[in-house]
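As structure tokens, the structure follows; a few thoughts come after it.
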Amino acid sequence: MLSTYFGDPEARTLAGWRARGGYEALEKALAMDPAEIQTLVKDSGLRGRGGAGFPTGIKWSFMKPDGKVHYLCCNADESEPGTFKDREIMRWTPHGLVEGVALGAHAIYAETAYIYIRGEFTEPIARVQAAVEEAYAAGILGANAMGTGRRLDVHVHRGAGAYICGEETALMNSLEGRRGNPRIKPPFPAVAGLFGKPTTINNVETLTTVPYIVKHGAAWYNAFGRADNPKSRGTKLFSVCGNIARPGNYEVELGFPFGEFLNELCGGALPGREIKAVIPGGSSVPILTREEANAAVMDYEGMVAAGTMLGSGGVIVFDDRQDMVKQIARLARFYAHESCAQCSQCREGTAWTTRILERIAAGDGHARDFDTLLSIGENMSGKTICVLSDSCATPVASGLKKFRHEFEAKLGPDRSRGVVPALPILGKTAAA
Amino acid sequence: MSDNTGPKMVTLTIEGRTAVVPEGTSIIEAAKTVGVLIPHYCYHPGLPVAGVCRMCLVDVEKFPKLAPACATTVMEGQVVHVHNEKARTARTGVLEFLLINHPLDCPVCDQAGECELQDYTFQEGRAESRYEEPKRFNPVEDFGGDVMYVPNRCILCTRCVRFMTEVADDPVLNVSERGDRAFIGKAPGHDLTNEWAGNVVDLCPVGALLSKDFLNKARAWELDRSASICTGCSQGCNITVETRDNTVVRLKPRSNDDVNLYFMCETGRLDYRWINRRDRLDQPQVRSPDGALRVMDWEVALDAAADALRGRRVHVLASPNASNEALFLAERVREASGGQGWYRVSYGHEAPLPGVPDLSLRAERAANGTGARLLGYHELTGAPTIGADDAVLIVDDTLEQHATDALLQALRAAAVLVHAGTTLPTAIADRVHVTLPLANHTEEEGTFTNLRGRVQRFLQSRTAPGLARPSWYVLADLTERLGLTASLAQPAQVFDALAAAHAPFAGLRHATLGLRGRLVANAAEFAEANAGATT
């Protein structure tokens, strides 16, 4: 579905996209009542593909025809380590995204939509910008969108390279020209979002999927997925990277067996190697061992059952050459670097975690560091404005649990730094 | 307070106590009403909520996660736990995080003793550190104005940033960098020279923003503090005068929602050295037959002053920084003899604080110009007309600022010159018949009337030099000798006599002024008359 035209340069142009059935869904949708589209998407079972998996139709249904100015934000700030699915959508099918954005804006009673694209995505930005310009020139967007008399404006905004700006409220702050700091919720974006107006934020993949649902119907989309799980329907893009034979983007039906995915579709481990660990949904989710990964099922519930999360669908594979301590330290360093510095726990905790891990990785750790790491993680989780702090603590905790032997193998001599021995009391011996 | 048209009230339980607060109140404010202080750093009632320090996390029953008390509004029937295991553990965690990169240099930090990081760590922080890594270091930075920034002590609560951005409307400060590399940055080419910038030092809960003026001057626990009113302008900001060994070392704003909220300006804050001046009059003196001023004891001097004034028309030249009480008693003398009452005042630039309605550094640079006007004094511009047989009673006009030759000539030409003040002006020193040493406003008790007609008390914070006495005391002794008032033994009695004698003050009683003041009867006129000038 989404990946059909990956690699097909003609699909990038308006003419090419139209020849492939593009903008038919938008035309159909503009003739529909927004509430009808909301119901349609609700019935399709589509859930947010950015990572949280919130049902898209329900999110849209928060937007009522209340006469207020509404905004749609398309989150194209794809920065989760290991995730590169949105990039491919924007590179190959930019019109698919523009169509989805225009359709989504109509569905939530908005006239204006913003596509917030990660600043480093130079090619995707150029592709999407070109598609938007083509769409304006063709009258698909603008004051009289597709001749319906409705106004639909789409603006492409280039981010400045902060991971946190992919968090929806930070994204809105960034769009407004403020520092990209997450906001306290409530108020939720549907009540007071961008410029204080009701706002919906959707991921690129989510919005690009919607035209297919409008075109083929909710039941058609709902038919994808494993039969025994009514909660995860449709298909999903997975980006696979790391120590694997065939890395790249794969679109599979939700409910696909993860073992088959890794070993058959992606070709398994590199020759002579063995897969050791897999992060299934972007760097923020708990790490799986090979055994756990092989038994997991690729949908929201399946991954939860395996003790992790589907997340953004960024699959990172580690083979037996990899030093897990080093890998986890690298992940923590990423979060420490990207913490927005608002919440005390995240600002200090991510950096502290990184320093401890890097010290252990350098062979200067002590067993008590494990307790400290877990305790810091506990103090960092569930207590901050956004989940960046939790995202740092999660892989550390799961890595420490599942690969503890690797951590233990790295421990160095106890230097007892920072621990001051009790001073002997005058007149008494310390031993007493 | 409560009436039927008021906001809807919400009842909730905080730490087992029942709080009834208006709808929309935050949990942190609701807790204050039942005597529970929820530890916090970034929250400040005078600033927009940030919710970033995560110190005020409380356990609300039926909430999945701990909730920030500053950013969570109360709901009917809510049950809030502040001191249970879950909330306390979270706070201990926050304190540990805040301290890992903190230099722990309390012994050399100005904030020690009034530091919220120190207080809460002492209350519920960990006794020992688990941090074994090197600490982050950033150099001290001069922020300009009176402010110095010590980034290593900063907990990034952003109170200063929010004050400058939202309240002072002068966004000079920002959070620069990310992660634990973050620090408070200053816009290039700008300094904290805003008239209200000094408030960031008060707002800073730790020792990160310090007053350069106060730097290393005193430890917080050595200071004595008393409630007072700023004499810098007619706004009448409520302040705390802080003294060390009888010397005023710092002025701090004292909150009053009706006047200055939590703030005071730099002009008021830094203008305190004159209070400590050493060239004060400290003994009563009377001119002897040989022409020299001789030290006398109080009774002799007061008799001499009364004798000199008796039977003459007495004009009064009073300072607009004199208390209502002193102005009232001097006015008795003037009024009984048919003389004039004058005051002289300096003017400066106005500097409103945009985020707070009706708060500004006012052009009239005196605390009690309104009181003087209400008590029948007129601003003196140019030279006064003084008859050849008239007496002049000078009440603490130092004649230091813009005293023209014409004014001095006129005063010198008066038949009798009685001076009551803190210093003896040299220009008239050879002409005064009696000089009576007065306490300044930090050395006595009294009231000022601000530009909105709010009568506010100030209390004594230090002792007066030598034999100097409170102005109300000296002038009451004089009016009693002249048969104009009964014996008045307390400043409260003087104020109540004032209220009985002057219509604008009718209905006010010293006992009910409190420390937030009361409005005079015709205060509405001031609000209207001045509304145009400030907007």
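Here is how names work: the chains are called A, B, and so on, in the same order as the sequence lines, proteins then strands, and each is numbered from 1.
Heavy atoms of B/Ala50 lying under 4.5 Å from chain A belong exclusively to its backbone. Residue contact with chain A, scored on non-hydrogen atoms closer than 4.5 Å, involves the side chain of B/Leu57 exclusively. Interface remark: B/Glu177 contributes backbone atoms only to the contact with chain A (heavy atom separation under 4.5 Å). For chain B, no part of A/Leu388 is nearby; none of its heavy atoms comes within less than 4.5 Å. With a 4.5 angstrom heavy-atom cutoff, B/Ser176 touches chain A only via backbone atoms. If you measure heavy-atom distances from A/Glu338 to chain B, the contacts under 4.5 Å come from both the backbone and the side chain.
Close approach to chain B, defined as a heavy atom under 4.5 Å from one of its heavy atoms, is seen in A/Arg179, A/Ile184 of residues 179-199 of chain A, taken by number. Proximity to chain A at a heavy-atom threshold of 4.5 Å picks out B/Thr89, B/Ala90, B/Gly93, B/Val94, B/Glu96, B/Phe97, B/Leu98, B/Ile100, B/Asn101 from residues 88-106 of chain B, in numerical order.
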Fill in: Chi angles and distances behind the ring-ring contact (aromatic ring centres under 6.0 Å, His included) call for B/Phe183, B/Tyr149
CA-CA 10 Å; B/Phe183 57 92; B/Tyr149 178 51; 7.4 Å; no
Worksheet entry | Worked check of side chain to side chain contact (heavy atoms under 4.5 Å, CB included) between A/Leu400 and A/Phe407 | CA-CA 7 Å; A/Leu400 201 51; A/Phe407 282 82; 3.6 Å; yes
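A donor-acceptor pair is defined here as one N or O able to donate and one able to accept, closer than 3.5 Å; no such pair exists between the side chain of B/Tyr131 and the backbone of A/Trp352. Checking side-chain atoms of B/Arg159 against main-chain N and O of B/Tyr41 turns up a donor-acceptor pair under 3.5 Å. Using a distance-only test at 3.5 Å, with no hydrogens or angles considered, no donor-acceptor pair links the side chain of B/Thr121 to the main chain of B/Gln118. Between the side chain of A/Ser339 and the main chain of A/Ala336, no donor-acceptor pair closer than 3.5 Å is present. Formation of a donor-acceptor pair under 3.5 Å by the A/Thr350 side chain with backbone atoms of A/Cys346 is found in this model. A donor-acceptor pair is defined here as one N or O able to donate and one able to accept, closer than 3.5 Å; such a pair exists between the side chain of B/Glu15 and the backbone of B/Val82. Here the side chain of A/Ser79 pairs a donor or acceptor atom with the backbone of A/Asp77 at under 3.5 angstrom.
Proximity of the aromatic rings of B/His44 and B/Phe163 is defined here by a centroid distance below 6.0 angstrom, and this criterion is not met.
Here B/Arg181 is the residue among B/Lys65, B/Arg181, B/Met55, B/Glu128 with the most heavy-atom pairs under 4.5 Å with chain A. Most heavy-atom pairs under 4.5 Å with chain B, from the set A/Ser375, A/Ala351, A/Cys343: that is A/Cys343. When each of A/Ile164, A/Ile376, A/Thr384 is checked for heavy-atom pairs under 4.5 Å with chain B, A/Thr384 comes out on top.
In this pair, A/Phe54 and A/Phe62 present their aromatic rings tilted. The plane angle is within the 30 to 60° band.
Between A/Glu348 and B/Arg54, no side-chain nitrogen of the basic residue sits less than 4.0 Å from a carboxylate oxygen of the acidic one, so the salt-bridge criterion is not met. The pair A/Arg355-A/Glu358 fails the salt-bridge criterion, with no side-chain N (NZ, NE, NH1 or NH2) lying under 4.0 Å from an Asp/Glu carboxylate O.
One finds the OG1 atom of A/Thr353 at 12.0 Å from the CZ atom of A/Arg333 (value rounded to the nearest 0.5 Å).
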